[in-house]
Amino acid sequence: MSSGLLNTAPRPLRVLMIEDYEEDALLLQRHLGRSGFRVDALRIETAEALGHALSGDREWDLIIADYTLPGFGAREALELMQQRGIDVPFIIVSGTIDEVSAVNAMRAGAHDYVLKGHLERLIPAIERELHDAEKRRERLRTERELQLLQQRFSATFNQAAVGMAHTTTDGRFVLVNQRLSELLGVPVDRMLALNLKDFILPSERDADKELYAELVEGRRTGYRSERNLMRHDGSVFPAQLTVSLLLHGSVGHDVTESSVLWVVEDISARKAAERETSELMQRLINSERLAAAGRMANTLAHEINNPLEALTNIFYLLDKESLTLAGQELIAIAARELDRVGHITRSTLSFYRKMPGRTLDLQTLLTEVVQLFQSRATQHQIHMDSFYGPGIDQTGYDPALRQVFANLVGNALEAMETSGGRIRIRARIRDGHAVVTVSDTGHGIDGANLQTVFEPFFTTKGERGTGLGLWVTRGIVEEQGGTLQLRSATRGKYRGTIVRITLPAAGVREPAVLVN
Ligand code: ADP
Ligand code: MG
């Protein structure tokens with residue numbers, strides 16, 4: 001049977017024998033062999049040979065030593081092993097040994113002693129010592145692993161880029177890392193007398209009370225919250241707290257002890273970026289509104305201007321002589337008021353009219369717009385790339401086009417904010433015209449809405465949209481003598497939107513520049 005086979009299979013045993021009689025050594029080997037060991041033995045008789053045997057590559061399971069050899073013996077061997085910190089079962093097998101020497105040898109580190117005339121005691125002693133040695137090695141291994149684990153833990157804990165602490169369930173610090181001590185401005189050793197809750201802004205201290213209670217009662221494993229923390233010097237910073245419950249139990253014991261792990265991150269930079277982004281968005285919306293208001297005023301002024309001119313002419317042609325004095329007076333007042341209306345419409349028109357002379361090249365305009373949106377794009381995992389063909393940096397167009405490109409890139413971004421994606425901006429000169437395309441891989445525009453999107457106030461963005469962007473955009477482009485085309489798909493390989501703007505040749509400076 002296989003179990004019988006296992007029991008009888010000889011076990012390897014590497015034995016170092018300190019014995020001057022070869023005969024005795026062979027006898028011992030035979031005895032071990034008969035007792036189920038496959039012996040691999042080396043016999044030595046000098047201190048030098050022992051030193052050599054212990055420093056070589058070989059490992060030993062057992063040392064069997066005669067008590068006294070000429071000039072060398074178990075005592076000296078034990079001393080050498082002790083010096084070298086070698087832990088191998090050591091059994092004295094001797095012809096004679098008196099009680100006192102035996103006790104001394106045991107004190108010096110021998111594990112047992114057996115008389116040559118009573119070899120029947122040897123095997124159980126070896127079995128026992130091999131077993132104990134294995135236990136000792138196992139413990140050493142565990143201790144080393146534990147030590148390593150501890151080193152790794154403390155390195156991770158102390159070098160972490162975020163603040164970390166263990167506290168008791170009522171918040172008292174038990175363990176604090178370097179980063180947290182820096183964040184709070186209190187040396188690590190002084191933190192241990194303090195409570196984490198004392199660092200939370202008083203007005204926010206009870207905000208997470210319920211979550212914390214659930215955590216401590218074991219009804220949840222963790223939670224996150226954003227709180228303002230106070231440094232030792234009274235300054236305040238926003239922090240993200242990640243709080244979790246730790247249960248400690250020792251092996252074989254039911255009793256568990258709990259503590260709380262806090263991870264504290266300084267989020268001032270993130271908060272500042274968020275603020276900046278929302279301010280930027282507000283500014284963009286405002287400029288879109290302003291441009292829209294301008295266009296609306298412009299349309300109105302145009303509409304009013306025509307009847308106004310007609311009225312002015314009528315007043316001029318009126319035969320004032322035929323009127324009463326009072327009538328003439330009233331007509332004069334009416335003419336003055338009409339004049340004022342005319343002045344208002346004219347100044348509105350000139351307000352919206354482009355500033356002559358001041359132009360910018362398309363590359364500069366587009367680069368500015370890309371920079372404006374860069375951080376928002378990065379934040380939403382949107383990749384922006386731009387390509388400018390030769391001569392684009394030598395063009396000269398109305399800076400009002402900045403609003404056009406900002407609207408288009410803004411729309412492209414907003415179509416991908418939840419999904420991420422790619423925005424591609426291309427500008428090149430073709431047949432003397434400048435052609436700018438802005439394309440995205442966003443959700444696209446439904447076929448039914450392809451025309452509606454250009455109507456003022458049409459938006460699918462609720463509170464966040466004005467619905468004026470495309471209306472203003474087309475208005476400005478057409479005012480510059482250009483055209484705008486829009487194509488879009490809501491599904492499939494080419495999902496996304498592409499807007500192409502063609503601007504008149506007037507802004508393209510030819511041809512010397514193009515040759516360059
Ligand atoms: P707003 O952006 O304020 O909604 P716009 O006039 O700029 O106003 O756009 C009108 C609507 O057209 C948007 O609400 C959106 O539904 C759609 N739209 C515009 N550009 C895109 C685009 N690149 N991708 C998907 N939808 C777009
Ligand atoms: Mg828009």
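Both ligands and their constituent atoms are indexed starting at 1 by order of listing. Below, all heavy atoms of this structure are taken into account, side chains as well, without hydrogens, waters or symmetry copies.
Partner of Glu414 under the side chain to side chain donor-acceptor pair (under 3.5 Å) criterion, chosen from Arg464, Lys461, His443: Lys461.
Shortest contact from atom 4 (O) of ligand 1 to any protein heavy atom: Thr459 OG1, 2.6 Å. The protein atom (non-hydrogen) at minimum distance from atom 23 (N) of ligand 1 is Asp440 OD2, 2.9 Å. The protein heavy-atom contact nearest to atom 15 (C) of ligand 1 is Thr460 OG1, 3.4 Å. Scanning the protein heavy atoms around atom 2 (O) of ligand 1, the nearest turns out to be Lys461 NZ, 2.6 Å. Protein heavy atom at the shortest distance from atom 19 (C) of ligand 1 is Asn411 ND2, 3.5 Å.
In this structure, Ile445 has a heavy atom closer than 4.0 Å to ligand 1. Ligand 1 lies less than 4.0 angstrom from a heavy atom belonging to Gly444.
Contact annotation: the side chain of Gln374 never approaches that of Gln371 to less than 4.5 Å [non-hydrogen atoms, C-beta and beyond]. When side chains are defined from C-beta on, Val409 does not count as touching Val370, because their heavy atoms never get closer than 4.5 Å. Within the 4.5 Å cutoff, the side chain of Leu196 has heavy atoms near those of the Ile200 side chain. Side chains of Phe405 and Leu362 form a contact here, defined as non-hydrogen atoms less than 4.5 Å apart.
Using modelled atom types, no side-chain atom of Arg424 and backbone atom of Asp440 make a donor-acceptor pair closer than 3.5 Å. Here the side chain of Arg428 pairs no donor or acceptor atom with the backbone of Ile392 at under 3.5 angstrom. Panel note: side chain Asn228, backbone Val236; no donor-acceptor pair is recorded below 3.5 Å. Within the 3.5 Å criterion, the main-chain N or O of Leu503 finds no donor-acceptor partner in the side chain of Gln480.
Under 4.0 Å is where a charged nitrogen must lie from a carboxylate oxygen, and between Arg152 and Glu145 no such pair does. Arg270 has a carboxylate O that lies under 4.0 Å from a charged side-chain N of Glu226, or vice versa, which qualifies the two as a salt bridge. Ion pairing between Glu182 and Arg179 holds under the 4.0 Å rule for side-chain N and carboxylate O.
Here is the list of ligand 1 atoms found below 4.0 Å of a heavy atom in Val453: 6 (O), 11 (C), 12 (O), 17 (C). For ligand 1 and His443, the ligand atoms under 4.0 Å from any heavy atom of the residue are 25 (C), 26 (N). With ligand atoms numbered from 1 in the order given, ligand 1 contributes 24 (N), 25 (C) to contacts under 4.0 Å with heavy atoms of Ala415. Atoms of ligand 1 found under 4.0 Å from any heavy atom of Gly465 (numbered from 1 in listed order, with element): 3 (O). Within ligand 1, counting atoms from 1 as listed, the ones closer than 4.0 Å to a heavy atom of Thr466 are 3 (O).
In terms of polar-atom proximity, Leu470 is counted as a contact of ligand 1, with an N or O under 3.5 Å from an N or O of the ligand.
Neither the backbone nor the side chain of Thr473 has a heavy atom within less than 4.0 Å of ligand 1. The proximity of Thr497 to ligand 1, defined as any non-hydrogen pair under 4.0 Å, is limited to the side chain.
Among protein atoms, those of element N, O or S found less than 2.8 Å away from the Mg ion (ligand 2) are Asn411 OD1.
Judged by distance alone, the side chains of Asn313 and Glu309 never bring a donor and an acceptor atom under 3.5 Å apart.
Scanning Phe458, Phe457, Phe454 for the heavy atom closest to atom 10 (C) of ligand 1 points to Phe458.
Atom CZ of Arg430 sits about 9.0 Å away from atom OG1 of Thr502, to the nearest 0.5 Å.
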